[in-house]
Every structure is written in C-alpha cells, then in structure tokens.
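Along the sequence shown, residues are numbered consecutively beginning with 1.
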Amino acid sequence: MKDTRIKKGDRLCLECQVDGYPFPSIQWFHNGFRLLSNSDIMSYSQSLTQTRRFVIDNADWTAAGIYACVATNSSGSHSTQCEVVIEQK
C-alpha cells in the first residue's frame, strides 16, 4: 500500500496485493483497530486477481491515520501499511 493524500469528502480507496497457499484471509486495521465492513461508510472488495480493496466513499477527518492490511493463512501472516492524510477542500 502507498501513503495517500485526499481531500475531505473524496473517495478513499486502498489496495492490497495478496497471494499465498492456502489463500489467506484478510483483515483491515485503522490506527490499530480492526475494521468491520459497514455498507453505509466503508466496504471491502476483492477481484478475480489478488487485489483487495478498502473503500470509504465520502472520507472525513476521522479517516486519517495509519491503515494496515493483514493476510493470514496456516503458514503465518504478512502485513503492509500506509498513512492516509485528509486535506481541506
């Protein structure tokens, strides 16, 4: 994942490339707290490739911080993180 700067009210989309066997389960974290999908605020998605996305359609100040994507399977876990900065429009 890459550090990201967006304007308040814009769409935040973070992408995480995932691979492994067995295919890992994915968890997203914001400032150390596990995120649960809430369709009104944020969503997770996956494609036929190994890309996993975390999306907030209308990001506000609370979206700023450190995000982590953690992939876990029976072989262990791996994580990547980035910082999100929200700027005034």
Side-chain angles (χ1 to χ4, degrees):
M1 294 192 310
K2 300 186 304 186
D3 290 349
T4 303
R5 289 181 170 277
I6 63 168
K7 303 269 189 218
K8 182 176 181 280
D10 286 353
R11 183 177 200 234
L12 171 63
C13 181
L14 302 176
E15 294 186 341
C16 181
Q17 299 297 317
V18 180
D19 197 6
Y21 184 83
F23 199 79
S25 64
I26 304 301
Q27 293 181 331
W28 290 91
F29 293 84
H30 178 228
N31 293 329
F33 293 96
R34 184 171 175 220
L35 297 171
L36 303 175
S37 184
N38 174 339
S39 60
D40 293 336
I41 301 170
M42 64 186 116
S43 64
Y44 308 133
S45 68
Q46 61 187 44
S47 62
L48 295 176
T49 65
Q50 286 88 9
T51 302
R52 299 296 180 261
R53 291 181 182 87
F54 174 81
V55 177
I56 299 176
D57 284 322
N58 185 14
D60 63 13
W61 305 116
T62 63
I66 304 296
Y67 286 82
C69 173
V70 179
T72 305
N73 65 14
S74 58
S75 297
S77 65
H78 182 75
S79 66
T80 182
Q81 69 179 30
C82 69
E83 181 179 14
V84 171
V85 175
I86 307 297
E87 300 175 333
Q88 185 66 39
K89 272 203 163 189

Rounded to the nearest 0.5 Å, what separates atom CG in Asp10 from atom OG1 in Thr4? 12.0 Å

Show me the pairs that pass ring pair (Phe, Tyr, Trp, His ring centres under 6.0 Å) and involve residues 69-89, at least two apart or across chains. none

Starting from Val85, can I reach Val55 by hopping between I/L/V/M/F/W/Y residues whose side chains sit under 4.5 Å apart? no

Under a single-linkage definition using a 4.5 Å side-chain heavy-atom cutoff for Ile, Leu, Val, Met, Phe, Trp and Tyr, are Trp61 and Val84 assigned to the same hydrophobic cluster? yes

Look up atom CD in Gln27 and atom OG in Ser79, then write down how far apart they are to the nearest 0.5 Å. 11.5 Å

Output, in order, the C-alpha distance, side-chain angles, deciding distance and verdict of side-chain contact (heavy atoms from CB on, under 4.5 Å) for Leu14 and Cys82. CA-CA 9 Å; Leu14 302 176; Cys82 69; 3.9 Å; yes

Nearest-0.5 Å distance, CG of residue Leu12 to CG of residue Asn58: 11.0 Å

Which class fits the ring pair His30 and Tyr67: parallel under 30°, tilted 30 to 60°, perpendicular over 60°? parallel

Drop me the distance from Asp19's CG to Gln50's CD, to the nearest 0.5 angstrom. 4.5 Å

Spell out, as yes or no, whether a donor-acceptor pair under 3.5 Å connects the side chain of Asp57 to the backbone of Arg11. no

Of all heavy-atom pairs between Lys7 and Ile86, which one has the smallest distance, and what is that distance? C-CG2, 4.3 Å

Evaluate the criterion side-chain contact (heavy atoms from CB on, under 4.5 Å) for residue pair Tyr21 and Asn73; output intermediate values, then yes/no. CA-CA 8 Å; Tyr21 184 83; Asn73 65 14; 5.8 Å; no

Non-neighbouring partners of Glu87 that pass side-chain hydrogen bond (donor to acceptor under 3.5 Å, both in side chains), sequence neighbours left out: Arg5

Running the 4.5 Å side-chain criterion over Ile, Leu, Val, Met, Phe, Trp and Tyr, what cluster does Val70 land in, apart from itself? Phe29

Indicate the atoms forming the closest heavy-atom contact of Trp28 with Arg52, along with that distance. CZ2-O, 3.8 Å

Identify the heavy atoms of Gly65 and Asn31 that sit nearest to each other, and give their distance. CA-OD1, 3.4 Å

Between Arg53 and Thr51, is a side-chain contact (heavy atoms from CB on, under 4.5 Å) present by the stated rule, with each step listed? CA-CA 7 Å; Arg53 291 181 182 87; Thr51 302; 3.8 Å; yes

Please report the closest heavy-atom contact between Cys16 and Thr80, naming both atoms and the distance. SG-CG2, 3.9 Å

